[in-house]
Amino acid sequence: KLPVYLDRSLHGTAEDSCTPGFIWQGAGNPNTTFQRKRNEEAGVELGLKAIVRTGPDIRSTYVDGDGLVHIEVPAGAQPGNPGKAAWNFTYSYDVDLANPDLDQYKGDLWIDLDPSKKTNYLKLRLSQGGTLQPNPCLEPDTNFHQWRAGTTVVIPDDEGNQKVTQNSQNYAFYLAAIGDTDGDTPGVQPYAYGPAEFDVVLMLTGKGNDSDGANRSTKLHVVFDVVTTPTQTP
């Protein structure tokens, strides 16, 4: 029931302490234009935005009758790079508004692999892995957090710190998982970055009990509409 604020900056704790104004995920990704949900009671902030790959942010387009934010993103491949989609989604999980580190929360990331209006989620769980960078001003800003499907590491390179984890993803990374997009046509028809509708869901839940009445579960759900001609100009 918490509100989603459209096209906002994240809390200052989500910014790279060595590059103010930019998130941990990369010096080229500013702290701007996130769809943001903040749970003050749980000390949690979730953020999700679309960007033109290696380019500017893309603003939200509309909110549907179910209260879900839609962002229209460009179909096709990144110009000059046919192996990547023209857009990315960037996520941020921040618990630095409270005292516990991320390992005291259950984190989930659901990535829709069905280009139609239906959903087929790849469900990932946040886990520790890798080594924390002792000097946060050196690259990479490894925060020892990864995303796994079962025991398989799917996203190995989040950046941030013990309380923040962030990354930017392209649907080129998930083509094998999307598989055949047309079961009525012989052979495999791979997704080729054409018109689609993909949902992405972020969730964080505190591991403590709820006997004190605190709302420890926070969820942010955004729909990315891949269209030939987006109505918003980045």
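Along the sequence shown, residues carry numbers from 1. Quantities reported herein were computed from a predicted structural model and do not represent experimental measurements.
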| said: Ignoring hydrogens, what is the shortest heavy-atom contact between Ala172 and Lys84? Give both atom names and the distance. | reply: CB-CD, 3.7 Å
| query | Are a donor atom and an acceptor atom from the side chains of Asn170 and Tyr193 found within less than 3.5 Å of each other? | reply | no
| query | Is it the case that one hydrophobic cluster holds both Ile51 and Val69, taking links as side-chain heavy atoms less than 4.5 Å apart, direct or via other members? | reply | no
| Can you list every salt bridge (Lys or Arg N to Asp or Glu O under 4.0 Å) pair that touches residues 17-33, not counting sequence neighbours? | none
| query | Who are the side chain to side chain donor-acceptor pair (under 3.5 Å) partners of Thr19, not counting sequence neighbours? | reply | none
| message | Is any side-chain heavy atom of Leu10 closer than 4.5 Å to one of Glu15? | response | no
| How would you list, by chain and number, every residue that makes a side chain to side chain donor-acceptor pair (under 3.5 Å) with Asp180, sequence neighbours excluded? | none
| remark: Test side-chain contact (heavy atoms from CB on, under 4.5 Å), reference Leu126, set Arg148, His145, Gln146, output is His145
| Atom CG of Leu220 and atom NZ of Lys37: how far apart are they, to the nearest 0.5 Å? | 6.0 Å
| query | Any chain of hydrophobic side-chain contacts (each under 4.5 Å) joining Leu175 to Ile155? | reply | yes
| field | Pairwise side-chain contact, Phe224 with Tyr171, heavy-atom cut-off 4.5 Å (strictly under) | value | no
| remark: Nearest heavy-atom approach of Thr181 to Pro115 is CG2-CG, 4.1 Å
| said: Who clusters with Val223? Use side-chain heavy atoms, under 4.5 angstrom, across I, L, V, M, F, W and Y, and order the result by chain and number. | reply: Leu68
| request: Give every residue pair that meets the salt bridge (Lys or Arg N to Asp or Glu O under 4.0 Å) criterion with at least one member in residues 105-115, sequence neighbours excluded. | output: Asp108-Arg125
| Within-4.5 Å side-chain heavy-atom neighbours: Ser127 and Val153 | no
| said: How about CZ on Phe173, more than 12 heavy atoms from neighbouring residues, nucleotides or ligands closer than 6.0 Å, or not? | reply: yes
| Can you name the salt bridge (charged side-chain N to carboxylate O under 4.0 Å, His left out) partners of Asp7, sequence neighbours left out? | Arg59
| task | Report yes if some heavy atom in the side chain of Ile71 is under 4.5 Å from a heavy atom in the side chain of Gln35; otherwise report no. | result | yes
| request: Taking the side chain as every heavy atom from C-beta outward, state whether Leu2 and Arg38 have any pair of such atoms under 4.5 Å apart. | output: no
| message | Once side chain to side chain donor-acceptor pair (under 3.5 Å) is applied, do any residues pair with Thr13, and if so which ones, sequence neighbours excluded? | response | His11, Asp94
| query | Which pair of non-hydrogen atoms, one from Gly194 and one from Ala75, has the smallest distance, and what is that distance? | reply | C-CB, 4.1 Å
| task | Mind checking salt bridge (charged side-chain N to carboxylate O under 4.0 Å, His left out) for Asp101 and listing every partner two or more places apart, or none if nothing turns up? | result | Lys163
| query | Hey, are Thr231 and Glu72 close enough side-chain-wise for a donor-acceptor pair under 3.5 Å? | reply | yes
| task | Please step through side chain to side chain contact (heavy atoms under 4.5 Å, CB included) for the pair Tyr191 and Leu113, ending with a clear verdict. | result | CA-CA 10 Å; Tyr191 177 60; Leu113 301 178; over 6 Å; no
| task | Under the ring pair (Phe, Tyr, Trp, His ring centres under 6.0 Å) rule, collect the residues that match up with Phe22, sequence neighbours excluded. | result | none
| request: Could you verify whether a donor N or O on one side chain and an acceptor N or O on the other, from Ser92 and Gln166, lie under 3.5 Å apart? | output: yes
| remark: One should read off an interatomic distance between Tyr5 OH and Glu45 CD, to the nearest 0.5 angstrom, of 11.5 Å
| field | Thr119 side chain to Tyr121 backbone, donor-acceptor under 3.5 Å | value | no
| Is it the case that Gln169 and Tyr174 place a side-chain donor and acceptor less than 3.5 Å from each other? | yes
| request: Answer whether the closest heavy-atom distance between the side chains of Leu102 and Leu204 falls below 4.5 Å. | output: yes
| message | Enumerate the ring-ring contact (aromatic ring centres under 6.0 Å, His included) contacts for residues 31-65, please, sequence neighbours excluded, ordered by first and then second residue. | response | Tyr62-His70
| task | For side chain to side chain contact (heavy atoms under 4.5 Å, CB included), just list the numbers for Leu6 and Val63, CA-CA rounded to whole Å, side-chain angles, deciding distance to a tenth of an Å, and then say yes or no. | result | CA-CA 10 Å; Leu6 307 182; Val63 178; 4.0 Å; yes
Got a list of side-chain donor-acceptor pairs under 3.5 Å for residues 196-203, not counting sequence neighbours?
from: Glu197; atom 1: OE1; to: Lys117; atom 2: NZ; distance (Å): 3.3
from: Asp199; atom 1: OD2; to: His221; atom 2: NE2; distance (Å): 2.8

| task | Consider only side-chain heavy atoms of I, L, V, M, F, W and Y, link residues closer than 4.5 Å, and tell whether Val52 and Val226 are in one cluster. | result | yes
| query | With hydrophobic residues grouped by side-chain heavy-atom distances under 4.5 Å, do Leu122 and Ile178 end up in a single group? | reply | yes
| query | Where do Ser17 and Trp24 come nearest, in terms of heavy atoms and distance? | reply | OG-CH2, 3.5 Å
| Hey, is the main chain of Gly160 close enough, under 3.5 Å, to the side chain of Thr165 for a donor-acceptor pair? | no
| Close side-chain approach of Ile111 to Val154, heavy-atom, < 4.5 Å | no
| message | Do Tyr105 and Tyr93 make a side-chain contact, defined as non-hydrogen atoms from C-beta onward lying under 4.5 Å apart? | response | no
| said: I'd like to check the side chain to side chain donor-acceptor pair (under 3.5 Å) partners of Thr151; sequence neighbours left out, ordered by chain and number. | reply: none
